[in-house]
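Step one of this worksheet: look at the structure below.
Atoms within a ligand are numbered from 1 in the order they appear, just like the ligands themselves.
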Amino acid sequence: MPRVLVLHGPNLNLLGQRETDIYGKTTLEDINCLMQQEAQKCGLELSFFQSNYEGALVEAIQKAKDNYEAIIINPAAYTHTSVALRDAILAVDIPTIEVHLSNIYKREEFRHKSFISSVAVGQICGFGVASYLLAVRAAAEILKNRK
Ligand code: DQA
């Protein structure tokens with residue numbers, strides 16, 4: 001079964017309590033469970049990692065080489081700042097899907113810039129928890145078309 005690495009960036013460990021008007025009341029644990037269910041339907045095996053540290057996320061991407069066939073990432077605030085995450089994705093050359101709960105283009109201007117989107121296969125944002133489930137389906141689609 002194709003393996004997909006799911007990476008959650010800073011502050012996403014606080015989902016369910018953090019700015020619930022924007023991000024909703026679903027916890028990260030619940031999101032991971034829902035993604036797991038979707039992955040079973042799509043025939044994918046998921047592994048999850050959350051970190052509040054940029055370097056830890058960079059290392060997780062580096063280690064994904066040879067172990068995973070796709071990456072789903074919500075880089076959270078690092079979306080708008082991190083050349084390091086972008087370079088790591090380029091370095092491993094694993095198809096990557098960028099996810100956001102909120103529609104970053106409807107929010108403050110500093111969120112309109114993503115360092116990740118131009119190295120991702122695509123970006124899904126604005127659908128809340130469904131953004132993650134759509135990302136699982138997108139990963140399945142990418143991997144199906146590769147074979
Ligand atoms: C986010 C959007 C980012 O701008 C923000 O910093 C986050 C979450 C989202 O999922 O909507 O932490 O990535």
Side-chain angles (χ1 to χ4, degrees), residues 2-42 44-65 67-143:
R3 286 167 56 82
V4 177
L5 178 63
V6 180
L7 295 175
H8 301 291
N11 299 306
L12 296 176
N13 55 314
L14 299 181
L15 283 178
Q17 341 162 8
R18 166 193 185 216
E19 298 180 90
T20 51
D21 48 326
I22 298 173
Y23 299 121
K25 292 204 172 144
T26 312
T27 64
L28 191 61
E29 209 186 325
D30 290 340
I31 288 175
N32 288 346
C33 276
L34 292 165
M35 289 181 85
Q36 197 71 265
Q37 286 169 18
E38 192 68 28
Q40 266 162 23
K41 289 187 220 156
C42 297
L44 297 179
E45 193 183 322
L46 303 186
S47 303
F48 301 94
F49 179 67
Q50 188 276 330
S51 182
N52 296 320
Y53 298 92
E54 188 176 15
L57 293 162
V58 167
E59 282 182 358
I61 294 168
Q62 289 182 7
K63 285 189 195 138
K65 184 125 190 99
N67 293 317
Y68 294 96
E69 287 172 62
I71 294 173
I72 294 172
I73 183 168
N74 183 348
Y78 291 140
T79 306
H80 319 298
T81 62
S82 183
V83 176
L85 281 180
R86 175 195 171 88
D87 284 353
I89 292 165
L90 279 173
V92 295
D93 196 26
I94 298 171
T96 297
I97 300 159
E98 178 185 352
V99 176
H100 302 282
L101 291 150
S102 64
N103 180 346
I104 55 175
Y105 303 102
K106 264 188 173 175
R107 300 183 61 196
E108 302 96 321
E109 203 160 333
F110 67 84
R111 294 186 205 275
H112 298 183
K113 165 85 188 160
S114 168
F115 280 91
I116 309 303
S117 56
S118 57
V119 297
V121 179
Q123 183 199 62
I124 300 166
C125 76
F127 300 99
V129 175
S131 291
Y132 286 97
L133 306 181
L134 291 167
V136 172
R137 290 169 62 174
E141 203 58 35
I142 292 166
L143 296 174

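- Of all the atoms in ligand 1, the ones that sit under 4.0 Å from a non-hydrogen atom of Ala77 are 6 (O), 12 (O).
- The closest non-hydrogen atom to atom 12 (O) of ligand 1, taken over Glu108, Arg18, His100, comes from Arg18.
- Atom 6 (O) of ligand 1 has its closest protein heavy atom at Arg111 NH1, 3.1 Å.
- Distance from atom 7 (C) of ligand 1 to its nearest protein heavy atom, with residue and atom name: Tyr23 OH, 3.4 Å.
- Atom CZ in Arg18 sits 11.0 Å away from atom CG in Leu28 (nearest 0.5 Å).
- Within ligand 1, counting atoms from 1 as listed, the ones closer than 4.0 Å to a heavy atom of His80 are 3 (C), 4 (O).
- Note: an N/O pair closer than 3.5 Å links Leu101 and ligand 1 by distance alone.
- Looking at ligand 1, you won't find any N or O of Pro10 less than 3.5 Å from one of its N or O atoms.
- Within ligand 1, the atoms closer than 4.0 Å to a non-hydrogen atom of Asn74 are 9 (C), 10 (O), 13 (O), numbered from 1 in the order shown.
- Put simply, the side chain of Gln50 gets close to the backbone of Gly9: a donor and an acceptor are under 3.5 Å apart.
- Distance alone, capped at 3.5 Å, is enough to place a donor-acceptor pair between the Ser131 side chain and the His100 backbone.
- Side-chain contact check for Gln123 and Ser117: no donor-acceptor pair (N or O, by modelled atom type) lies under 3.5 Å.
- Closest to atom 11 (O) of ligand 1 among all protein heavy atoms lies Ser102 OG, 2.6 Å.
- In summary, Glu45 and Arg3 engage in a salt bridge, as defined by a charged side-chain N under 4.0 Å from a carboxylate O.
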- Message: Using side chain to side chain contact (heavy atoms under 4.5 Å, CB included), reason through Leu101 and Tyr132 one step at a time and then give a plain yes or no.
- Response: CA-CA 8 Å; Leu101 291 150; Tyr132 286 97; 3.6 Å; yes

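- Using a 3.5 Å distance cut-off with no hydrogens or angles, the side chains of Ser102 and Arg111 do not pair a donor with an acceptor.
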